[in-house]
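Working notes, beginning with the structure itself.
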Amino acid sequence: FDERTALLTPEGGAFTYRQLLREVDRIAAFLNHHGFGQGDRLAAVLPGGPEAALAFLAVAACCTYAPLNPGSAPAELESLLGALRPRALLAGADPGSPGRRSAEALGIPILEVGSLDPAGLLPLRWAGPPPGPGPADRPGWAGPEEIALLLPTSGTTSAPKLVPFLQRNLAAAAHHGRTALALGPEDRCLCFLPLFHLAGLGTCVLSTWASGGSLVALPAFDPAAFYGW
């Protein structure tokens with residue numbers, strides 16, 4: 001699938017599977033250099049869109065990715081970050097982006113995520129002094145028994161609980177989603193589901209990429225723009 005289109009942006013940008021793999025390798029090396037490796041938790045408070053999809057793939061490949069709802073109240077985010085105890089937070093580059101104030105209150109380093117550039121590079125920059133440099137205790141791509149994704153439940157009965165998904169769990173979810181939806185390399189998925197739930201991350205992102213098809217990751221659902229997209 002190297003030269004097939006893997007990711008498209010609403011603005012018309014298109015990136016191949018080769019570019020996607022290059023970015024996963026580059027981001028993994030960046031994280032390893034700063035001391036983050038397998039088993040290390042990195043939380044994320046990001047809007048939907050191609051940046052969130054790529055950040056998920058890259059971080060989950062070498063660390064443990066814990067996405068949180070950017071629409072949550074600051075007190076809720078601070079509580080969740082306190083429960084997660086991540087080593088860093090991925091957040092928007094704008095100083096007022098959701099999650100940043102909560103991370104600062106808890107002393108969690110902030111890794112700013114910029115907009116995907118025309119070459120398919122995802123800009124990453126530490127908001128303050130970078131932790132490290134490493135190297136990470138356990139660098140490289142994670143094995144099938146490592147925790148790739150950590151999701152808080154909705155907390156309808158009490159405080160949210162943290163649900164871990166192993167690498168092999170996500171691989172199975174991608175396979176089942178691809179099979180159930182009969183996705184193939186010629187298919188394209190328009191994804192406007194939130195990328196802090198398994199439905200968006202598994203059914204949209206992973207199932208599409210497991211099929212060799214292409215993903216259009218939208219920041220959010222917009223009824224006025226939907227038919228144009």
Side-chain angles (χ1 to χ4, degrees), residues 4-15 17 19-20 23 42-60 65-77 80 89-94 96-100 102 112-118 120 122-123 148-156 160 163 165 170 173-174 176-229:
R4 286 187 179 273
T5 299
L7 180 64
L8 297 102
T9 69
E11 296 76 28
F15 309 101
Y17 277 91
Q19 289 174 296
L20 211 62
E23 271 306 272
L42 278 81
V45 182
L46 298 170
E51 292 81 9
L54 182 51
F56 158 58
L57 186 69
V59 174
Y65 187 72
L68 302 176
N69 182 354
S72 298
E76 184 179 1
L77 286 174
L80 286 168
L89 172 72
L90 278 72
D94 187 327
S97 295
R100 292 184 60 137
S102 301
E112 297 178 342
V113 180
S115 299
L116 202 60
D117 77 7
L122 186 65
L149 181 64
L150 197 58
L151 292 178
T153 64
S154 60
T156 51
V163 182
F165 295 86
L170 294 188
H176 291 313
R178 177 189 65 187
T179 303
L181 298 173
L183 295 175
E186 302 306 320
D187 290 315
R188 179 164 294 171
C189 176
L190 183 67
C191 178
F192 50 80
L193 290 175
L195 296 185
F196 52 85
H197 286 166
L198 191 60
L201 295 173
T203 306
C204 284
V205 175
L206 293 181
S207 295
T208 300
W209 284 340
S211 75
S214 53
L215 175 77
V216 186
L218 305 178
F221 180 66
D222 183 344
F226 177 75
Y227 290 103
W229 285 332

Compare all side-chain heavy atoms of Asp222 with those of Phe192 and state whether any distance is below 4.5 angstrom. no

Which pair of non-hydrogen atoms, one from Ala174 and one from Ser207, has the smallest distance, and what is that distance? O-OG, 3.5 Å

For the SG atom of Cys191 and the CZ atom of Phe221, what is their distance to the nearest 0.5 Å? 12.5 Å

Just to verify, what does Arg100 make a salt bridge (charged side-chain N to carboxylate O under 4.0 Å, His left out) with, not counting sequence neighbours? Glu112

For Glu23 and Ala58, indicate whether the former's side chain and the latter's backbone hold a donor-acceptor pair under 3.5 Å. no

If the condition is side-chain contact (heavy atoms from CB on, under 4.5 Å), which residues does Thr208 pass it with, not counting sequence neighbours? Leu183, Cys189, Leu215

Does any part of the side chain of Leu54, heavy atoms only, come nearer than 4.5 Å to the side chain of Phe15, both counted from C-beta? no

Not counting sequence neighbours, which residues clear side-chain contact (heavy atoms from CB on, under 4.5 Å) with Phe165? List them please. Leu149, Leu151, Val163, Asn169, Leu170, Leu198

Do you know which two heavy atoms are closest between Asn69 and Gly71, and how far apart they sit? OD1-N, 2.8 Å

Taking salt bridge (charged side-chain N to carboxylate O under 4.0 Å, His left out) as the test, write out the residues that go with Glu186, two or more places apart. Arg4

Roughly how far, to the nearest 0.5 Å, is the CG atom of Leu122 from the CG atom of Leu20? 10.5 Å

CA sep, side-chain torsions, deciding dist, call: Val45, Phe196, side chain to side chain contact (heavy atoms under 4.5 Å, CB included): CA-CA 8 Å; Val45 182; Phe196 52 85; over 6 Å; no

Nearest heavy-atom approach of Thr9 to Pro50 is CG2-CG, 3.8 Å

Between Pro219 and Pro10, which heavy-atom pair has the shortest distance, and what is it? CD-CG, 4.0 Å

Looking only at non-hydrogen atoms, find the nearest pair between Pro74 and Ser102 and report the distance. O-OG, 3.1 Å

Side chain proximity check, Trp229 to Leu190, heavy atoms < 4.5 angstrom: yes

I need the single residue from Leu193, Leu57, Leu206, Leu195 that forms a side chain to side chain contact (heavy atoms under 4.5 Å, CB included) with Leu201. Which is it? Leu195

Nearest non-hydrogen partners of Pro152 and Leu80, listed with the distance: CB-CD2, 4.0 Å

For side chain to side chain contact (heavy atoms under 4.5 Å, CB included), just list the numbers for Leu181 and Asp187, CA-CA rounded to whole Å, side-chain angles, deciding distance to a tenth of an Å, and then say yes or no. CA-CA 10 Å; Leu181 298 173; Asp187 290 315; over 6 Å; no

Apply side chain to side chain donor-acceptor pair (under 3.5 Å) to Ser214 and list each qualifying residue two or more places apart in sequence or on a separate chain. Arg188

Residues passing the ring pair (Phe, Tyr, Trp, His ring centres under 6.0 Å) test with Phe56, sequence neighbours excluded, are Tyr65

